[in-house]
Amino acid sequence: MKKRAIISVYNKDGITDLAKYLHDEGWEIISTGGTAAYLTQQKIPVTDVSSVTGFPECLDGRVKTLHPAIHAGLLAKRDNPVHMAKIKELGIKPVDLVCVNLYPFFEKVQAGLTFDQTVEFIDIGGPTMLRAAAKNYQDVIVLTDPADYPEAVKNLKTQTVNPAFRKKLAGKVFNLTSAYDAAISRFMLGDRGEFEYPEHYVLALQKSQNLRYGENSHQTAALYVAADHKGAFGGMKQLQGKELSYNNIRDLDVAWKGVCAYNRFLKHAVSVNGKDTDGHEITANFDSCAGQVFTIALKHNTPCGAALGKNVLDSYLKTYNCDSMSIFGGIVGCSAVIDEAAALEMKKCFLEVIVAPGFTPEALEVFGTKKNLRLVTAEINADEIHDFLSVDGGFLVQTRDDKLFDKWDIVTKTRPTPEQINQMAFGMTMAMFAKSNAILVIKDYAAIGIGSGQTNRIWAAEQALERAQKIVKAGLTCDAKNAEVLISDAFFPFDDTVRKAAEYGIKAIVQPGGSIRDDDSVKACNELGISMVFTGTRHFKH
C-alpha cells in the first residue's frame, strides 16, 4: 500500500527537502492551504486535504483536518485487525507520517494585537493531529521540529524507523503542545486578578541554551526563557566573553533587578511623606538623584556594594570602595552606558560579568583585551509578576517583591533631616536584594556596610556597622564623618540593634515596624537622640 504523509507547516524551513524525498520515494503527500500552495510552487505534487475528507475547508480555514478520514487514519493501530478492518470498511487509508508545526501563538501573543486578533492564532487542527499521531507513534512518524527532518529521512532510508527515535519524536509533540497550551492558558486567564493562582499553574518555557554545568561542576543545567513574553533575559545580548554559567546567570538576574529597582525608586520615592509624633508633615525631594548613575556589585547572589555617582566612573568607584575585596570575581550592573573612563577602571579588577544598557565603542575596545570578561547589554526592565522557587516535588509561587513601602511614619521625637530621608529610601531599595537578616549602612548614597544572611539581626548589624566604620575611617566612598543612616529589611524584635547602632554614630534608622516590642526600640531611639521611621513593608529575602 502506498504510504501517506500529511504536511501542514507554518514554518517552511527544511520542508522542501523532506517533501521532495517523500515524493521521490512514492509517498502520497496530503497538504492544506498555504503549505499545499508552497509545495506546488516547489513542483512537488500534493493531494488537497478536502479530497481526502470529502468535505471543503470552512469557517475561514478553521476546519480543515478535523475529520474521521484524517484521524482514523492516524489512530488506527496497524497490529490490531479490528482497527484495520474498520478503516477499510469505511474507505479510510492509514496515515504514516505527520509533519506539522503550529500557528505562531508564542510570537503573536507578544505582538500587541487585540484579544480577538490573538485568539485567531490559537491552532486547533495542528495540535489535534500531532497528539493523535504521537499517541500512535509506533505506527506514525510525527515531526514538529525542522531539526529532526534529516534524521527522519536517514531512518526512512533504512526502511526501519528506530523505535526509540519514534518515541522521542512523540515526546517532543507533547512537550510542544503542553507549552503551547500553557501560553494560551496564561493569555486567557491573565496573570492578575481572581485567576492569579489557578488550580493548575502552567508555564510556557523554551530552552535558550545548555549550560556547561550547574551551581557546581557535577550538576547539569540549562537556561529556559518565557516563550510567550519577553522578560529581562529576552532583551539581553552578550557582546563578549566566555559562555555564561549557571551562577553567572543567577547573579546577572539580581544585578539587573537591582538596576531596575533603582529606576523604580526614583518613581516611588515621591511618595515618601508622612508625619512625626507631633503631627508635623515630612516630605523629601529626590530631584538630585534623578541625574545620577547607579551601580551595584554582587558576589554569590548577594550585594557587596551599591552607590550613586555623578557619572559611571564615580558611581563604580564608590561601589568598588564599598567592599573592594568581595567585588573580586563579582558581577557589576550599571544604569548607564559604560564609557571608556569607567572601563579603564573596571578593567583593573577581576570581574565575571558587567551588565548595562550599553557600552561605548571605546569601552568595548578597552574590555577587548579581557577576552573572558562577559559583557551583557540589557534593554528590558525586570518586571516579571511572579517569582518561582522549586521545592522537592513542587514549586512555590509568589508575587514579586516590588513595593518599597506602604507608609512613612516618623515615630521618634527626633526628626530625620530631608537628606537622611533620601538616604533611607535609597537604602530600603537596596535592602530588597540583601538576604535576611539584612542590615545596611548608607552614607552619601553608598551601601558602605552590608550585613546579610545572618541568623539574628544583631549579628547582621555588627557586620554592617563594623564594615561601614572601616570604610569611613579610610576615607573611601564618602567623607570621614560617621555614617548616619541604618536600614533594616525587617522589624527589630528588641532594642539591641538600636543601641549597637548608636555605638557607631548612627543618627537615623528606617525599618518596617510591626514588632510587639516596637516601643522598646522607639524609647531607645528617643533616649539616644536617633530618629526612626516605620515603612510598614518588610523585605525578607531567603
Side-chain angles (χ1 to χ4, degrees), residues 186 190-193 196-197 201 203 226 229 231-233 249-272 286 289 294 296-306 331 333 335 355 378 380-391 394-409 423-440 442 447 450-455 457 460 464 485-493 509-515 533-542:
R186 282 167 58 87
D191 289 318
R192 301 180 187 275
E196 183 179 357
Y197 298 108
Y201 204 104
L203 293 172
H229 68 282
F233 274 85
I249 291 170
R250 288 198 63 192
D251 288 338
L252 176 58
D253 179 52
V254 177
W256 188 243
K257 284 176 181 173
V259 171
C260 296
Y262 168 67
N263 294 332
R264 288 204 311 272
F265 153 74
L266 291 177
K267 295 178 182 178
H268 289 291
V270 295
S271 65
V272 174
F286 294 89
C289 299
F294 172 73
I296 185 171
L298 289 102
K299 189 71 169 289
H300 300 316
N301 214 228
T302 300
C304 58
I331 310 290
S335 67
V355 59
I380 298 177
N381 279 340
D383 59 359
E384 186 71 67
I385 296 170
H386 293 102
D387 283 325
F388 304 89
L389 178 69
S390 64
V391 294
F395 281 87
L396 288 170
V397 184
Q398 66 172 352
T399 54
R400 180 156 291 173
D401 182 10
D402 60 0
K403 181 189 293 184
L404 292 181
F405 31 75
D406 278 331
K407 60 182 181 179
W408 200 260
D409 290 345
Q423 305 275 354
M424 288 177 177
F426 171 76
M428 188 59 81
T429 306
M430 294 303 99
M432 296 169 66
F433 300 98
K435 289 184 172 61
S436 196
N437 287 308
I439 297 288
L440 281 75
I442 305 297
I450 301 176
S452 64
Q454 299 299 325
T455 51
R457 198 152 297 277
V485 177
L486 182 143
I487 286 86
S488 177
D489 68 326
F491 63 61
F492 294 161
I509 296 173
V510 59
Q511 57 134 320
S515 168
V533 169
F534 286 173
T535 67
T537 304
R538 187 184 74 184
H539 292 294
F540 273 162
K541 181 177 174 62
H542 289 92

Problem set entry | side-chain contact (heavy atoms from CB on, under 4.5 Å) between T399 and H386, intermediate numbers included | CA-CA 4 Å; T399 54; H386 293 102; 4.1 Å; yes
Exercise. About how many Å separate CH2 of W256 and CG of D251, when rounded to the nearest 0.5 Å?
Worked result: 16.0 Å
For this session: Check whether any side-chain heavy atom of T535 lies under 4.5 Å from a side-chain heavy atom of P512, and answer yes or no.
Result: yes
Exercise. Please walk me through it: do N301 and K435 pass side-chain contact (heavy atoms from CB on, under 4.5 Å)?
Worked result: CA-CA 9 Å; N301 214 228; K435 289 184 172 61; 3.7 Å; yes
Exercise. With a 4.0 Å cut-off, would you call D489 and R457 a salt bridge?
Worked result: yes
For this session: Indicate the atoms forming the closest heavy-atom contact of A425 with W408, along with that distance.
Result: N-CH2, 4.0 Å
Problem set entry | Parallel, tilted or perpendicular: ring planes of Y262 versus F294, cut at 30 and 60 degrees | parallel
For this session: Check whether any side-chain heavy atom of D401 sits under 4.5 Å from a side-chain heavy atom of K541, and report yes or no.
Result: no
For this session: Quick one: sort the H542 and F540 rings into parallel, tilted or perpendicular, breaks at 30° and 60°.
Result: perpendicular
Problem set entry | Rounded distance (nearest 0.5 Å) linking atom CZ of R400 with atom NZ of K257 | 4.0 Å
For this session: Evaluate the side-chain proximity of L203 to F388: yes if any heavy-atom separation is below 4.5 Å, no if none is.
Result: yes
Seminar exercise, completed: When rounded to the nearest 0.5 Å, the distance separating CE of M424 from OG1 of T429 is 13.5 Å
Seminar exercise, completed: Closest non-hydrogen contact found for G451 with A464 is N-CB, 3.5 Å
Problem set entry | Straight-line distance of K299 NZ to I450 CD1, nearest 0.5 Å | 13.0 Å
Exercise. Given side chains that start at C-beta, do those of L298 and I296 come closer than 4.5 Å, heavy atoms only?
Worked result: yes
Exercise. Minimum heavy-atom separation for A382 to C260, with atom names?
Worked result: N-SG, 3.3 Å
Seminar exercise, completed: Here the gap from S488 atom OG to H539 atom NE2, rounded to the nearest 0.5 Å, amounts to 10.5 Å
For this session: Side-chain contact test, heavy atoms from C-beta onward, threshold under 4.5 Å: evaluate it for I487 versus F426 and give yes or no.
Result: no
For this session: Flag the pair Q511 / L486 as yes when at least one side-chain heavy-atom distance between them is below 4.5 Å, and no otherwise.
Result: no
For this session: Return the minimal non-hydrogen interatomic distance between V355 and A255, and the atom names on each side.
Result: CG1-CB, 4.2 Å
For this session: Of all the heavy-atom pairs spanning A447 and L440, show the shortest one and how long it is.
Result: CB-CD2, 4.4 Å
Exercise. Once you round to the nearest 0.5 Å, how far does CG of L252 lie from CZ of F233?
Worked result: 4.0 Å
Exercise. Which pair of heavy atoms, one from R538 and one from A490, lies closest together, and at what distance?
Worked result: CG-CB, 3.8 Å
